[in-house]
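Okay, so here's the structure we're looking at.
Atoms considered below: every heavy atom in the structure, side chains included; atoms not considered: hydrogens, waters and symmetry mates.
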Amino acid sequence: MDNPVPPPAAGPGPRRRDRHGRGMRGPIAPPQVPLAASRAEAFADLVQDSVERLERHWPQLADIDFLVLEVPRLDGPGQVWNDEAVPLGGTIASREGRPARVIVYRRPVEIRTKGRDERAALVHEIVVEQVAELLGLTPETVDPRYGED
C-alpha cells in the first residue's frame, strides 16, 4: 500500500518541542533581567564588584587576574579532603611573565551562605584576604572596613 501523505520535512532549525507538544518553549526571562543570569554568572559578578571596589584604592590590582572556579582541586595523589579546611579562595604568585592570580571557589562559598547579601559579604572578605596575601599587607590595610560586617 502506498502512503498518500508524505512525511513532514524537517525544518531548518532545531526541534524545540517533542512530538507530544511538550518541552522547552522558550526562555523563562529575557536576557536583560537578573533572573536570566545563571548562578555562576551572578557569582562572577559579585567577585567583579568586589574587585572594582578595591581597584579604586589599589590601582596595582589591574595587574592581577581574578578567577572563579567551581571547587578547589587536590594537586597530589596522596592528598585527601579535610572537612574543616576546604579553601574558599587562593592565590598564585606571578612568575615567568604570568600575572599573579586570585582564585575564589564558588561552590564552597555558596554552601556557606544563605542569601545574596551574605554571599556578597563573604566574597568581598575572601577577595580582600587574598589580595592582602599577594601584596604582603594586612586585610585591614587593603580594606579599612574589613571584618566590620
Side-chain angles (χ1 to χ4, degrees), residues 10-149:
R15 188 174 189 168
R16 296 190 188 276
R17 297 165 63 142
D18 65 12
R19 64 190 181 115
H20 299 288
R22 289 175 275 206
M24 290 295 293
R25 294 183 180 163
I28 295 173
Q32 64 272 18
V33 177
L35 176 66
S38 70
R39 288 190 324 209
E41 291 169 340
F43 190 87
D45 288 344
L46 291 177
V47 172
Q48 185 62 34
D49 291 345
S50 181
V51 171
E52 288 172 359
R53 197 165 125 189
L54 292 176
E55 279 182 339
R56 293 182 207 132
H57 303 292
W58 299 94
Q60 62 265 43
L61 295 185
D63 299 333
I64 298 174
D65 287 341
F66 291 86
L67 305 171
V68 175
L69 297 179
E70 292 293 311
V71 293
R73 59 174 199 182
L74 298 173
D75 290 331
Q79 293 181 338
V80 295
W81 286 108
N82 181 354
D83 291 338
E84 298 174 9
V86 175
L88 302 178
T91 60
I92 300 174
S94 62
R95 61 174 179 226
E96 301 173 11
R98 288 184 168 176
R101 294 179 177 174
V102 170
I103 302 165
V104 180
Y105 300 111
R106 181 174 74 89
R107 295 295 297 147
V109 171
E110 285 180 340
I111 288 169
R112 285 169 177 75
T113 56
K114 295 200 185 308
R116 179 176 165 75
D117 294 338
E118 188 179 341
R119 190 169 299 126
L122 182 57
V123 165
H124 186 67
E125 281 186 20
I126 294 166
V127 170
V128 168
E129 289 169 359
Q130 301 308 318
V131 166
E133 183 178 327
L134 275 178
L135 298 178
L137 303 169
T138 63
E140 292 81 11
T141 305
V142 174
D143 184 8
R145 294 182 294 175
Y146 174 80
E148 289 181 7
D149 296 336

* Asked: Just how far is it from atom NE2 of His124 to atom CG of Asp49, taken to the nearest 0.5 Å?
  -> 11.0 Å

* Can you list every salt bridge (Lys or Arg N to Asp or Glu O under 4.0 Å) pair that touches residues 134-144, not counting sequence neighbours? -> Arg53-Asp143

* Which atom names give the shortest non-hydrogen contact between Val127 and Ser50, and what distance separates them? -> CB-OG, 3.6 Å

* Distance, nearest 0.5 Å, that separates CG of Leu88 from CZ of Arg112 -> 5.0 Å

* To do: Take Phe43 and Val104 through the test side chain to side chain contact (heavy atoms under 4.5 Å, CB included) and record every step on the way to the result.
  => CA-CA 10 Å; Phe43 190 87; Val104 180; 3.7 Å; yes

* Counterpart residues, side chain to side chain contact (heavy atoms under 4.5 Å, CB included), relative to Ser94 (two or more places apart) -> Ala100

* Asked: How close do Ala44 and Val68 get, heavy atom to heavy atom, and via which atoms?
  -> CA-CG2, 4.2 Å

* **Trp58/Leu137 under side chain to side chain contact (heavy atoms under 4.5 Å, CB included): CA gap, chis, key distance, verdict** => CA-CA 12 Å; Trp58 299 94; Leu137 303 169; 3.5 Å; yes

* CG of Leu134 to CD1 of Ile92: how many Å apart, nearest 0.5 Å? -> 9.5 Å

* List the steps, then state whether side chain to side chain contact (heavy atoms under 4.5 Å, CB included) holds for Tyr105 with Val71. => CA-CA 5 Å; Tyr105 300 111; Val71 293; 5.7 Å; no

* To do: Nearest 0.5 Å please: distance from the CD atom of Glu118 over to the OG1 atom of Thr113.
  => 5.5 Å

* Asked: What are the two closest heavy atoms between Ala120 and Leu46, and how far apart are they?
  -> CB-CD2, 3.7 Å

* Could you grab the distance from atom CD of Glu52 to atom CG of Asp45, nearest 0.5 Å is fine? => 9.5 Å

* Mind listing the closest non-hydrogen atom pair of Pro99 and Asp63 along with its distance? => CB-O, 3.2 Å

* **salt bridge (Lys or Arg N to Asp or Glu O under 4.0 Å) contacts touching residues 98-111 (sequence neighbours left out)** => Glu70-Arg106, Arg106-Glu110, Arg107-Glu110

* Asked: In Å and rounded to the nearest 0.5 Å, what is the CG to CZ distance from Leu61 to Phe66?
  -> 5.0 Å

